[in-house]
**Student:** 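Mind having a look at this structure? Questions to follow.
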Amino acid sequence: MNHARETRCIHGQAHRHGDAFRAVSYPIYQTAPFGHSAPGHNGSGFDYSRESNPTRAYLEETMTALEEGAVDTLAFSSGMAAVSACFELFRPGDHVICTDDLYGGVVRLIHTVCEKNGLTVDFVDTGAAKQIAAALRPNTRAIYLETPSNPMMHVSDIRACSALAHAQGALLIVDNTFLTPYFQNPFLLGADLVIHSGTKFLSGHNDTVCGFLCTSDAQLSARLRTVAKTTGAALSPFDSWLTLRGLKTLAVRMERHEQNARRLAAWLERQSFVKRVWYVGLESHPQYALNAAQSRGAGAMISFSVDSKETALRLLHGVKLITFAESLGGTESLLTYPALQTHPDVPQTVRDRLGITDRLLRLSAGLENADDLIADLSQAWEEHDAFRTV
Ligand SMILES: *Cc1c(COP(=O)(O)O)cnc(C)c1O
């Protein structure tokens with residue numbers, strides 16, 4: 001279990017049992033039920049694949065080995081299914097404090113499902129401890145963070161948030177999608193639950209939708225397993241296998257993703273049509289030092305604002321190698337328009353306050369050659385110039 005991170009991406013937990021035929025790639029157990037050897041004895045430890053499945057269990061063990069400090073991991077059919085299961089821990093009348101700059105789907109979940117179920121949620125700048133302290137109530141059950149946040153790349157101090165949550169007897173929940181366990185381990189900084197959209201860097205090839213809930217506490221894990229098997233959004237055996245396959249290369253991919261992002265962010269900062277770049281790996285980022293203090297990297301997510309809505313649209317239409325699409329974290333670079341694609345359900349006033357304007361673009365640096373990516377953005381912009389002067 002003390003293997004280095006790169007090794008754990010490939011082998012997960014040391015000494016775990018392999019398959020009967022010593023298959024090097026773990027098999028896909030494509031079955032719904034498992035036979036019982038006698039009444040009350042399932043023999044294999046598995047009954048039914050909604051509850052548990054060997055391929056999914058192997059993936060969950062691998063994630064537990066990667067997300068340092070975790071005791072258990074549950075794999076879901078999407079990141080949103082993982083977030084939804086997490087919110088099932090709360091009861092009507094409970095209060096939760098969330099980062100104000102959150103993945104749009106989580107904002108929609110809160111407004112359409114959680115509030116209907118009697119939860120009260122306050123959105124604050126969790127980068128400012130004072131704002132959290134002011135929002136805490138006797139019935140606050142959790143602080144929910146994304147760091148860096150989506151899409152404005154705000155960094156929250158995980159240790160400080162943990163202290164505030166625990167003083168109140170509340171949980172600290174951290175969405176670690178952007179940095180992955182390769183770069184950041186929230187449990188070691190005091191988190192109680194870690195969420196991942198495995199759709200992004202973990203599976204890593206823009207081909208699988210999945211999600212994870214990692215826990216550092218056996219009791220919490222047992223409660224969540226009851227929720228998961230009851231609500232039923234388990235990850236399929238095949239998607240579990242695809243994600244295992246993706247995880248094997250997580251270490252090398254994250255290194256190259258970050259190299260490419262650094263090149264792109266530095267290039268963007270020098271362009272006349274770019275007004276501002278938000279990338280936690282740039283020293284110009286206001287929380288560069290905080291991110292460096294609590295993680296080992298800056299990842300591959302860059303947001304930038306341009307001089308006009310017209311420029312934003314021209315870049316989106318003009319890119320040829322980079323795909324204009326939502327999502328992130330895969331081999332292919334993606335350019336996203338948060339105001340229309342990922343965050344339309346965030347109220348306009350909140351979007352304006354955060355800076356999610358019609359001039360904001362989000363770039364997920366993929367694994368292509370960085371010069372090719374820069375050339376692609378350049379040609380999209382030059383076409384724009386030609387368009388303007390006609
Ligand atoms: C994509 C994403 C989610 C939702 O995950 P899905 O796999 O799309 O359901 C949650 N949080 C963050 C930060 C994300 O990027």
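Each ligand, and each atom within it, is numbered from 1 in the order the structure gives. Values below: all heavy atoms of this structure, side chains included; hydrogens, waters and symmetry mates excluded.
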**Student:** Any N or O of Phe178 that comes nearer than 3.5 Å to an N or O of ligand 1?
**Tutor:** no

**Student:** Distance under 4.0 Å to a non-hydrogen atom of Cys210: what atoms of ligand 1 satisfy this?
**Tutor:** 7 (O)

**Student:** Before signing off on this row, confirm whether Val106 and ligand 1 have an N or O atom pair separated by under 3.5 Å.
**Tutor:** no

**Student:** Which residue supplies the protein heavy atom nearest to atom 13 (C) of ligand 1, what is that atom called, and how far is it?
**Tutor:** Asp175 OD2, 3.4 Å

**Student:** Of all the non-hydrogen atoms in the protein, which one sits nearest to atom 9 (O) of ligand 1, and at what distance?
**Tutor:** Met80 N, 2.8 Å

**Student:** Quick one about Thr64 and Thr73 (side-chain donor to acceptor, distance below 3.5 Å, no hydrogens or angles considered), yes or no?
**Tutor:** yes

**Student:** Among all protein non-hydrogen atoms, which one is nearest to atom 8 (O) of ligand 1, and what is the separation to 0.1 Å?
**Tutor:** Tyr103 OH, 3.8 Å

**Student:** Atoms of ligand 1 less than 4.0 Å from Thr199 heavy atoms?
**Tutor:** 6 (P), 7 (O)

**Student:** Can you sort out which atoms of ligand 1 are near Gly79, meaning under 4.0 Å from one of its heavy atoms?
**Tutor:** 5 (O), 6 (P), 7 (O), 9 (O)

**Student:** With a 4.0 Å cut-off on heavy atoms, is Ala82 in contact with ligand 1?
**Tutor:** no

**Student:** Who are the side-chain contact (heavy atoms from CB on, under 4.5 Å) partners of Ala81, not counting sequence neighbours?
**Tutor:** Phe76, Ser77, Ser78, Ala233

**Student:** Verify whether the ring centers belonging to His111 and Phe123 lie closer than 6.0 Å.
**Tutor:** yes

**Student:** Any side-chain donor-acceptor pair under 3.5 Å between Arg91 and Asn117?
**Tutor:** no

**Student:** Would you kindly specify which portion of Ser327 sits under 4.0 Å from ligand 1, judged on non-hydrogen atoms: side chain, backbone, both or neither?
**Tutor:** neither

**Student:** Of all the heavy atoms in Ile195, does at least one lie under 4.0 Å from an atom in ligand 1?
**Tutor:** no

**Student:** Counting non-hydrogen protein atoms only, what is the nearest one to atom 1 (C) of ligand 1? Give residue, atom name and distance.
**Tutor:** Lys200 NZ, 1.4 Å

**Student:** Would Gln184 and Asn176 count as having a side-chain donor-acceptor pair, cut-off 3.5 Å?
**Tutor:** yes

**Student:** What do you reckon, are the aromatic ring centroids of Phe178 and Phe183 less than 6.0 Å apart?
**Tutor:** no

**Student:** Provide the number and element of each atom of ligand 1 under 4.0 Å from a heavy atom of Ser78.
**Tutor:** 7 (O), 9 (O)

**Student:** In the structure I gave you, are the side-chain heavy atoms of Val350 and Asp101 within less than 4.5 Å of one another anywhere?
**Tutor:** no

**Student:** Determine whether the side chains of Thr249 and Arg253 contain a donor N or O and an acceptor N or O closer than 3.5 Å.
**Tutor:** yes

**Student:** Where does Leu328 meet ligand 1, judged by heavy-atom distances below 4.0 Å: at the side chain, the backbone, both, or neither?
**Tutor:** side chain

**Student:** Among Val274, Leu363, Leu321, which residue meets the side-chain contact (heavy atoms from CB on, under 4.5 Å) test with Leu377?
**Tutor:** Leu363

**Student:** May I ask you to check if ligand 1 and Ser197 share an N or O to N or O distance below 3.5 Å?
**Tutor:** yes

**Student:** Measure from the ring center of His257 to the ring center of Phe201 and say whether it is less than 6.0 Å.
**Tutor:** yes

